[in-house]
Amino acid sequence: MAVTRTFSIIKPDATRRNLTGAVTKMLEDAGLRVVASKRIQMTREQAEGFYAVHKERPFFGELVEFMISGPVVVQVLEGEDAVKRNRDVMGATNPADADEGTIRKTYAESIEANSVHGSDSDENAKIEIDFFFNEDELVG
Ligand SMILES: Nc1ncnc2c1ncn2[C@@H]1O[C@H](COP(=O)(O)OP(=O)(O)OP(=O)(O)O)[C@@H](O)[C@H]1O
């Protein structure tokens with residue numbers, strides 16, 4: 001298994017409850033290293049662009065409002081098979097379906113306010129990393 005990178009967002013419901021450290025600890029305990037991290041207030045344009053794949057979904061407007069409702073922490077994570085490792089520790093999108101010990105089971109408030117985002121493929125990880133980080137922020 002190769003060491004790869006993925007992209008993570010600690011969402012506004014988690015930053016609002018001061019869970020940045022607790023969520024990051026769960027990521028690190030799962031074998032992921034934080035190689036870049038910054039706390040930002042997403043603009044509406046950024047949120048709409050980031051979630052463009054969902055723009056026809058009924059929850060798109062609400063999702064964008066939620067993602068700009070407070071600061072988020074965007075992170076680049078590195079580890080063995082990072083995309084899968086991260087999605088395993090995140091748990092299912094809906095916290096009601098998430099396994100015990102996952103971030104969403106532990107902290108998520110709802111299917112929308114579900115505390116974290118994680119890329120779903122190596123290809124999307126690269127696109128999402130490049131959406132929020134410059135080359136010089138990724139020294140590792
Ligand atoms: N039915 C829904 N109602 C409200 N919000 C939703 C719903 N389904 C998904 N979302 C929101 O949209 C995000 C993206 O949905 P997607 O189906 O890609 O889930 P995911 O891949 O588990 O999550 P993410 O892409 O954030 O890692 C979810 O994380 C959640 O915040």
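Quick note: numbers below take in every heavy atom, side chains included, and nothing from hydrogens, waters or symmetry partners. Whatever order the structure lists ligands and atoms in, that order sets their numbers, starting from 1. Since we're looking at a predicted model, the values are computed, not measured.
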Shortest heavy-atom approach to atom 11 (C) of ligand 1 - which of Asp120, Asn86, Val116, Leu63
Leu63
Tell me if a side-chain donor or acceptor on Asn134 pairs with a main-chain N or O of Asp136 at a distance below 3.5 Å.
no
Thr93 and Asn114: which non-hydrogen atoms are nearest, and at how many Å?
O-ND2, 3.1 Å
Aromatic rings Tyr51 and His117: how do their planes relate, parallel, tilted or perpendicular, breaks at 30° and 60°?
perpendicular
I need the contact type for Arg104 against ligand 1. Using non-hydrogen atoms and a strict under-4.0 Å cut-off, is it side chain, backbone, both or neither?
side chain
Salt bridge or not for Asp88 and Lys84, using N-O below 4.0 Å?
yes
Counting both backbone and side chain atoms, is some N or O of Ala113 under 3.5 Å from an N or O of ligand 1?
no
Hey, are Arg85 and Asp81 close enough for a salt bridge, meaning a charged N less than 4.0 Å from a carboxylate O?
no
Test the Lys38-Phe133 pair against the cation-pi criterion, namely NZ or CZ under 6.0 angstrom from the six-membered ring centroid and within 45° of the ring axis.
yes
Note: Ile111, heavy atoms under 4.0 Å from ligand 1, region reported as both
Just go through Arg57, Met67, His117 and tell me whose heavy atom is the nearest to atom 17 (O) of ligand 1.
Arg57
Location of contacts on Phe66 toward ligand 1, heavy atoms closer than 4.0 Å
neither
Can you tell which part of Glu62 has a heavy atom less than 4.0 Å from ligand 1: side chain, backbone, both or neither?
neither
Name the option, out of Phe60, Phe50, Tyr51, Phe59, that contains the heavy atom nearest to atom 2 (C) of ligand 1.
Phe59
